[in-house]
Amino acid sequence: MAQADISIKPTELQGGHGHPDKWKWYDYFTFNVDHKVIGIQYLVTSFLFYLVGGFMAVLMRTELATPNSDFLSPELYNAFLTNHGTIMIFLWIVPAAIGGFGNFLIPLMIGARDMAFPKLNAIAFWLNPPAGAVLAASFFLGGGAQSGWTSYPPLSEITANLPQTLWCVALIMVGTSSILGSVNFLVTIWKMRVPSMAWDQMPLFCWAMVATSVLALFATPVLAAAMVLLLFDINFGTSFFKPDAGGNVVVYQHLFWFYSHPAVYLMILPIFGIMSEVIPVHARKPIFGYKAIAYSSLTICLVGLFVWVHHMFTSGTAPWMRIFFTISTLIVAVPTGIKIFSWVATLWGGKIRYTTAMLFAVGLLSMFVFGGLSGVTLGAAPFDIHVHDTYYVVGHFHYVLYGGSVFGIYSGIYHWFPKITGRMLNEPLGKVHFVLTFIGTILTFTPMHNLGMQGMPRRVAMYDPQFAHLNQLVTVGAYILAVSVIPFYFNVIWSWMKGKEAGPNPWNAMTMEWTTDSPPIIENWEVLPVLTHGPYAYGMERSDEVGPAGEPLPASRS
Amino acid sequence: MKQIPAPFWTLVLGIVVTLVSLWVGQNHNLLPEQASEQAPLVDDLFNVMMTIGTALFIVVQGAIVYSLIRFRQPKGDETDGLPIEGNLPLEAFWTAIPAVIVVGLGLYSVVVFQEMGGFSPGGHHGHGAMVAMAPQQSVIDIAPLVAQAAATDEDIFSKTQVYGFGASPLVQMNQPDVTVNVTGMQFAWIFRYPDTGITDGELHIPVGKDVQLKIEAQDVIHSFWVPQFRLKQDALPGEPGELRFVATREGTYPVVCAELCGSYHGAMRTQVIVHSPEDYADWVASRVAEAMPTTTVAQPADAATDAEYLAGIAPDLAKSPVQIAQMTSMSH
Ligand code: HEM
Ligand SMILES: [Cu+2]
Ligand SMILES: [Cu+2]
């Protein structure tokens, strides 16, 4: 497969301000088209939004320390609830996992000099900060959207109209961003791999990004449609979802979940990709079941498009749908299980390094086993009827989102920080971070399951006093989680400036991104690398050991 | 220890895990008491899932912890582990096992759902006649909300598309013993008894009788949930819903709104009181003897504050549920 032209432009044209192999700090605040800069831009902004979303969570949990709404007004509580969910999903996990890691790693992993459409890439990123600004503005212009991140009409049409409109606009922006990004990833992976890399020699993270991008392309336009219709209903007198004027409230739920259920796979698939990269390196073993993991990503992508109605078992669902969607939902557990077993099998018989990256990866495994099992119980419609819209669900999805996605992002940061910045993170601090996060996650999100089964609904600012004790426990857990980010942010900032120099390949890893400098030079390699071994050839005979590899390609620049 | 072969340990572990899981599945005490015929069905399903889940959790978590201890890097050993990349029989095995489990659970869920009436939501219940499932009307055909509020109960519920749980197929063709029209509104439940004209803010039902709730929402989506019944059904404006069940145990249980319905969503709580048949008859008699509310509502929701509105349609409401008091304090 021929290398696309874009990847072999002379360095000077890419705008390095006279320093062809180094970026200046202000490059990160510009419309830069280098995939690494964009990746870092995504990561840094998403980590800022993570603080904002986390701050809202802490305020909510403070409110919930007592049964009455005595800390926040109920309206404010709902605004924080809505924006916490929205920010965490659309401005934290998606930009960090897909935009950040995807942009930084994909070209490096496949031996390309950049993404296929660098300008489009920059546009995709620059849709995110204004989306965040619009959400922030919605707080000052009318108190923030209050109808939950799902924004079901008619509630979303009658409360806080202006902020709700802004909320729709923000979502349309991030949705557009994710569509542009997905096209870019697909074309890049399809067309720009080094000629020596076959599909089945790609790192598994690339497979995960293929599945993610396909899913985003199918699902996101539907969300955008729902948002536009909602926006019209609120502002221009249409009545798509207004029951008193011939509209149908259930249609919105179908549109919304047609996107938003696949969206949970959007969030988790790149994380699965990260896991498949981190575990073999630190366990010093080839990934177990490469093909199984790659294909299971695609299976999740496919089946994931046919499960959305499990969010609607208690609302307007025709009987046949309940059968179909119960079965299809439960089936998603199979490819997910395949991945978990493969990772455990990769650990088995390895020589496991207790690095922080590995600790978070294994922590994720444990959390995900739990979150996955509670997910299966939710797939079973009769039980879902009981716990739908309760704290059981909140517990479940935070196990998956915090214990899954957040742990995965942390793991990826500890793993690739040396590549991104050229410096190591401090390991002892990292371990403090891990222990606090692990304990905090369990303490915060486990009792939520009990609360939900016992009868506590979700999205409430006040609750029955019988639930007070467990809620206090949860709130303590949330404070521990809040504290846990302090060593992390400190570590990142301090190590970025003063950390130990990393060298090109501190973990002795085998994927292609480790064959260039840390941080990688503009355009990634002096001469494009040639694939001499698979991505996970640990313990195997290999011609070259570690380090910048290979001969110049005939096709590359002289 | 060297003499004892690995299969033996596997067997012992397997038995221990099985026993522990079975015990956990029966003794987890996670669910509240059971007060409807549906509850044991749901709980049995959950217990089965709990048993399987515990077993899987112990096995996978055990394998993780075991690997972490047993396969940690020996001090000073910088070499790699054995390059084992795959094992087809093993992979087929752990694809097949979960597949069998989830298909099994799926079928079991379908059976339970069938028994709960999840696959036969109420058909046409208008005019008290027994009607089998009539062909669906177009969903576009929704009378305006205000008109509905002013109409009689029969009109409200005369559509053929009804969401929710009907009774199990056996009971489906029978007339329910008690029918209650349930209306959710910000932020209270209103229960109307069409046979007697009683209106209340709490749900009173007799134990052991076939109860039918016809569920509607006045303004936004609410969700009717009684945790002890294991039943929940959204109250959708413009889309009638139904729950049909038999309460099996006398007592007072919470009625919870489970769908975000506005600022005081968390305060939208009331009670269902399951009476013995005699107590229920007494309650009905006493309520009928009291002054009955005159007619159904004609006042549209937005013409009054919530508190006035509620006071207008249900004069007795204010006596009972706690949250009405809270509502009066939030006039806006
Ligand atoms: C310190 C950590 C966190 C705490 C204490 C926390 C707490 C909460 C609380 C109390 C709610 C309200 C639940 C409800 O009433 O329905 C909530 C909702 C939510 N959280 Fe978190 N959360 C945390 C982290 C996260 C993360 C990392 C994510 C995702 C990446 C996330 C995603 C969500 C979502 C999507 C909702 C639903 C919002 C809605 O119902 O509209 N949370 N969280
Ligand atoms: Cu409600
Ligand atoms: Cu509510």
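First the proteins, then the strands, lettered A, B, ... as listed; each starts at 1. Quick caveat, the model's predicted, so the values are computed rather than measured.
Here the CD1 atom belonging to A:I385 is positioned 9.0 Å from the CG atom belonging to B:L243, to the nearest 0.5 angstrom. From B:R72, atom CZ reaches atom CE of A:M358 across 14.0 Å, with rounding to the nearest 0.5 Å. Taking CD of B:E239 as the reference point, atom CG of A:N248 lies at 4.5 Å (rounded to 0.5 Å). Atom NE2 of A:H388 is separated from atom CH2 of B:W225 by 11.0 Å, given to the nearest 0.5 angstrom. Within the model, atoms CG of B:N47 and CZ of A:F383 stand 9.5 Å from one another, a figure rounded to the nearest 0.5 Å. How far CD of A:Q253 is from CD1 of B:I221: 4.5 Å, rounded to the nearest 0.5 Å.
Around the CZ atom of B:F71, the shell of radius 6.0 Å holds more than 12 heavy atoms that belong to other residues, nucleotides or ligands.
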CA sep, side-chain torsions, deciding dist, call: A:F370, B:Q61, side chain to side chain contact (heavy atoms under 4.5 Å, CB included): CA-CA 9 Å; A:F370 192 93; B:Q61 207 72 274; 5.7 Å; no

Step-by-step side chain to side chain contact (heavy atoms under 4.5 Å, CB included) determination, A:M453 to B:L31: CA-CA 6 Å; A:M453 276 188 273; B:L31 290 157; 3.9 Å; yes

Salt bridge (Lys or Arg N to Asp or Glu O under 4.0 Å) assessment of B:E78 paired with A:R353: CA-CA 10 Å; B:E78 292 295 327; A:R353 269 82 167 147; 3.3 Å; yes

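Of the possible polar contacts, one joining the A:N78 side chain to the B:G262 backbone as a donor-acceptor pair under 3.5 Å is found. In this structure a side-chain-to-backbone donor-acceptor pair under 3.5 Å is present from A:Y354 to B:L68.
With a 4.5 Å cut-off on non-hydrogen atoms, B:I52 does not touch chain A at all. Heavy-atom distances place no part of A:T159 under 4.5 Å from chain B, backbone and side chain included. Residue A:A333 touches chain B through its side chain alone, counting heavy-atom pairs closer than 4.5 Å. Looking at B:D43, there are no atoms closer than 4.5 Å to chain A (heavy atoms on both sides), in backbone or side chain.
Taking the six-membered ring for Trp and thresholds of 30 and 60 degrees, A:F341 and B:W94 have ring planes inclined between 30 and 60 degrees apart. Below 30°, between 30° and 60°, or above 60°: for B:F46 and A:Y392 the angle between ring planes is above 60°, a perpendicular geometry.
A salt bridge is absent between B:E85 and A:K291: the closest approach of a Lys/Arg side-chain nitrogen to an acidic carboxylate oxygen does not fall below 4.0 angstrom. Between A:K351 and B:D80 there is no salt bridge, since none of the side-chain N atoms of the basic residue sits less than 4.0 Å from a carboxylate O of the acidic one.
With chain B as the partner, the residue from A:I327, A:D464, A:L330, A:I287 showing the most heavy-atom pairs under 4.5 Å is A:L330. Contact count versus chain B (heavy atoms, under 4.5 Å) is highest, among A:G337, A:A380, A:G349, for A:G349.
When only modelled atom types and interatomic distance are considered, B:S263 and A:Q146 share no side-chain donor-acceptor pair under 3.5 Å.
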